[in-house]
Amino acid sequence: MKRFAATLLACLTALSLTGCGATQPAELSLFAMDTYMTLTAYGKNATAGLNAAKSVITSMDSMLDPELETSTTYAINHAEGASVVVPGQVARMLSTAQTVYKQSGGALDLTIYPLIKRWGFVDGKYYVPTDEEISSDLAKRCFDKLTLTSFPSSGTYMVQMPSGGELSFASVAKGCASDNAIEAMRQAGVESGIISLGGNVQTLGLKPDGSKWTVAIQDPNNTSSYVGVINVGETAVITSGSYQRNFTDTHGKFYHHILKPSTGYPVTNSLVSVTIICTDGVMADCLSTAMFVLGETAALNYWRTYGGFEMVLVKSDGHVVLTNGLYGKFTPNGDNYVVQYES
């Protein structure tokens, strides 16, 4: 219920600030990909667009669930080293994740799924593994050995992963789903809309009155509030944070779900959340995890080196660090945080 309330508040905050004027929206809610989702569209094609978007999301949910025996992910994980034919969405996620993996020095690794299961972040049966158990699961990482082959003449793709490896698309699936849902709405004739898939917000066009959308950045230290709001056009706004899924052990020690691939333990640095603003939802989802793992200094260096996105870093010491492309677009909520810009 705590996760539900936090997610719902984030959705309501983002949507309540859209300022739709006299235009009445059509809305649709669903639960998929282990999160509550809210979809909103405007105009005469709104209902058709929402239904199309819902169909895309539920289809991807079934396709990517690593524990569902009929899913593409399950097929890859149980192929024992054989090649598996995959659809374009899976190929796109893998290709983007491979790029971020290489550029970030392995900060994003989709093959740490055995570790995520070991910690109990899949079934909610939380557990602190032993060093030996973590070492055993670390040995199963193989993202650098995964191959993705494209066959342009037939438009098909094949994935081959070493036997014993297991991957999960959890750190990129909602970004891909939001991209595809927005495109489904567009194809249905919707010109203005906004969707919230948990910590993922993505917009279509501008608000009905032609102004920009206002999206809230949830406060990691008070999930019933927000750090501030940003004004955006058509883009993705995707957040990863240690507050989203976590537990405290019997000794009072805090653990969260964002694991450092090189150690197998939850990331420990000055960050409590990272928000990426990028027109590509898949890339934004990959980067939100990778930048959290990298930490403030390395994340800012990554942004300076590769660009193509903006970033909001919320730190445990009460500072909010923004890249300078957000200057004039971010409005803090009160004075609970010290805001600074980096160039």
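Residues take their numbers from the sequence shown, with the count starting at 1.
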Exercise for the section: Decide if the gap between the ring center of Tyr255 and the ring center of Trp119 is smaller than 6.0 angstrom. Expected result: yes
Salt bridge check, [Y] against [X]: does any charged N sit closer than 4.0 Å to a carboxylate O?
X	Y	answer
Arg245	Asp34	yes
Lys117	Glu166	yes
Arg186	Glu234	yes
Glu342	Arg304	yes

Heavy-atom closest contact ([X] atom, [Y] atom, distance):
X	Y	value
Glu310	Gly325	OE1-N, 3.3 Å
Asp179	Thr279	OD1-O, 4.2 Å
Tyr341	Phe330	OH-CB, 3.8 Å
Gly233	Leu206	CA-CD2, 3.9 Å
Phe121	Asn246	CE2-CA, 4.3 Å
Trp303	Ser343	CZ3-C, 3.8 Å

Mind checking whether [X] and [Y] have side chains closer than 4.5 Å, heavy atoms only?
X	Y	value
Val237	Gln202	no
Leu204	Ser192	no
Val215	Val232	yes
Asn200	Asp285	yes
Cys176	Met60	yes
Leu68	Tyr74	no

Checking the side chain of [X] only, and the main-chain atoms of [Y] only, is there a donor and an acceptor separated by less than 3.5 Å?
X	Y	result
Ser288	Val274	no
Ser178	Gly281	no
Gln244	Gly241	yes
His251	Lys253	no
Gln98	Leu146	yes

Practice task
Test side chain to side chain donor-acceptor pair (under 3.5 Å) on Asp131 and Tyr265 and set out the steps.
Solution key: CA-CA 10 Å; Asp131 290 342; Tyr265 285 91; 2.3 Å; yes
Handout entry: Side-chain donor-acceptor pair present, Ser225, Asn333, cut-off under 3.5 Å
Key = yes
Practice task
Say whether Tyr113 and Asn77, considering side chains only, have a donor N or O and an acceptor N or O under 3.5 Å apart.
Solution key: no
Exercise for the section: For side chain to side chain donor-acceptor pair (under 3.5 Å), just list the numbers for Ser71 and Thr73, CA-CA rounded to whole Å, side-chain angles, deciding distance to a tenth of an Å, and then say yes or no. Expected result: CA-CA 5 Å; Ser71 76; Thr73 308; 4.7 Å; no
More than 12 foreign heavy atoms under 6.0 Å from [atom1] of [X]: is that the case here?
X	atom1	result
Lys140	NZ	yes
Lys260	NZ	no
Phe254	CZ	yes

Handout entry: Qualifying salt bridge (Lys or Arg N to Asp or Glu O under 4.0 Å) pairs with a residue from residues 268-283, counting only residues at least two apart or across chains
Key = Arg92-Asp280
Exercise for the section: Would you please test Ser171 and Thr289 for side chain to side chain donor-acceptor pair (under 3.5 Å) and show each step? Expected result: CA-CA 7 Å; Ser171 58; Thr289 300; 4.7 Å; no
Exercise for the section: Could you please spell out the steps behind the side chain to side chain contact (heavy atoms under 4.5 Å, CB included) verdict for Lys145 and Gln160? Expected result: CA-CA 9 Å; Lys145 298 178 179 65; Gln160 185 176 33; over 6 Å; no
Handout entry: Chi angles and distances behind the side chain to side chain donor-acceptor pair (under 3.5 Å) call for Tyr306, Asn301
Key = CA-CA 9 Å; Tyr306 299 105; Asn301 287 337; over 6 Å; no
Handout entry: Stepwise ring pair (Phe, Tyr, Trp, His ring centres under 6.0 Å) check, Tyr126 with His257
Key = CA-CA 10 Å; Tyr126 300 126; His257 74 293; over 10 Å; no
